[in-house]
Structure formats: C-alpha cells, structure tokens
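Worksheet for the structure shown next.
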Amino acid sequence: MGWANPTLAMLFDKLQEASGAVRVLCRCRPPSSAERALESPLCMPSHTAVTLESELGGGARAPPPAEFDFDAALPATSKESELHAEVAPAISSVLQGQYVCVLAYGQTGSGKTYTMQG
C-alpha cells in the first residue's frame, strides 16, 4: 500500500491525531445454519453501521432493530484483504516506533479466530 513512504506515513499520523487513537471496527461473522434458516438477515452492515434484527418465534412481537455505529463495519462476505486494508495503516505506526494493539473481542463462537486467521 505504500505506507513506507514518509509523506504517506506523516499524513496518516495527522489523520490518526484528528480522528483519535482508538478505532473500533466490526466484522460480521457468516451466519450459522440456524441463522440461515431465518428469512431475514441478522446483520446488515453499511460502511459504518450494523443493524441487528431480532426474530422471535411463537407469534411474539419482535423488538425494533438495534443499530450500532463503528469506525468501519465489514459484512460477513468481506475478504481477509478488506480487513487487512482497514488495519494496514497501523503497520506504519509500528515501523515508526509507536505502540499498536489489535484486539479481537466477542462472545465464544462469534468469529474472532475467523477474523484474525481467516
């Protein structure tokens, strides 16, 4: 991507200063077989938001969809290269001697290993 270029690295550092040092990304995992059986999607990301819909059986009234905003949101169909493109600028910071931490957080079975290892 060319992050070894000093000018690009400097511009990235300025962008990071303006937007804050912490970025929160969300990558939706592929649906389970039980989720695929449902007619409506559980996770519908835009570029920065994820909407979760609840499906209740037995004629119960479902709560309204919940929307969560992130710095970036990746759909379940995203490729590893798309995720790496979102995280790649941090490599420039590491090469300049800054500390960087990439943390995968979530419930067991939510896709952390899938996200980190593909």
Q) Which distance, rounded to the nearest 0.5 Å, do you find between the CG of Asp69 and the SG of Cys26? A)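 It comes to 11.0 Å.
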Q: Rounded to the nearest 0.5 Å, what's the gap from CG on Leu74 to CD on Glu80? Could you check?
A: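 Going from CG on Leu74 over to CD on Glu80, the span is 10.0 Å.
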Q: Taking salt bridge (charged side-chain N to carboxylate O under 4.0 Å, His left out) as the test, write out the residues that go with Glu86, two or more places apart.
A: Arg23
Q. What heavy-atom pair brings Leu52 and Phe68 nearest, and what distance separates the two atoms?
A.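 Closest approach of Leu52 to Phe68, heavy atoms only: CD1-CE1, 3.7 Å.
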(Q) Just so I know, are the side chains of Glu67 and Val50 near enough to count as touching, which here means a heavy-atom distance under 4.5 Å? (A)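 No, every pair of side-chain atoms sits at 4.5 Å or beyond.
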Q. Taking the side chain as C-beta and beyond, is there a heavy-atom pair between Phe70 and Thr48 under 4.5 Å?
A. no
Q) Applying salt bridge (charged side-chain N to carboxylate O under 4.0 Å, His left out), which residue pairs with at least one partner in residues 106-117 are found, sequence neighbours left out? A)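 Every candidate salt bridge (charged side-chain N to carboxylate O under 4.0 Å, His left out) pair involving residues 106-117 fails, so no pair, neighbours aside, qualifies.
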Q. Among pairs that include at least one residue of residues 96-105, which meet salt bridge (charged side-chain N to carboxylate O under 4.0 Å, His left out), considering only residues two or more places apart or in two chains?
A.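 Of all non-adjacent pairs touching residues 96-105, none passes salt bridge (charged side-chain N to carboxylate O under 4.0 Å, His left out).
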Q) For Val94, which residues count as a side chain to side chain contact (heavy atoms under 4.5 Å, CB included) partner, sequence neighbours excluded? A)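 With sequence neighbours excluded, Val94 shows a side chain to side chain contact (heavy atoms under 4.5 Å, CB included) to Val100, given in chain and number order.
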Q. Ignoring hydrogens and geometry, is there a side-chain-to-backbone donor-acceptor pair from Asp71 to Leu25 under 3.5 Å?
A.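 No, the answer is negative, given that no donor and acceptor are paired below the 3.5 Å cut-off.
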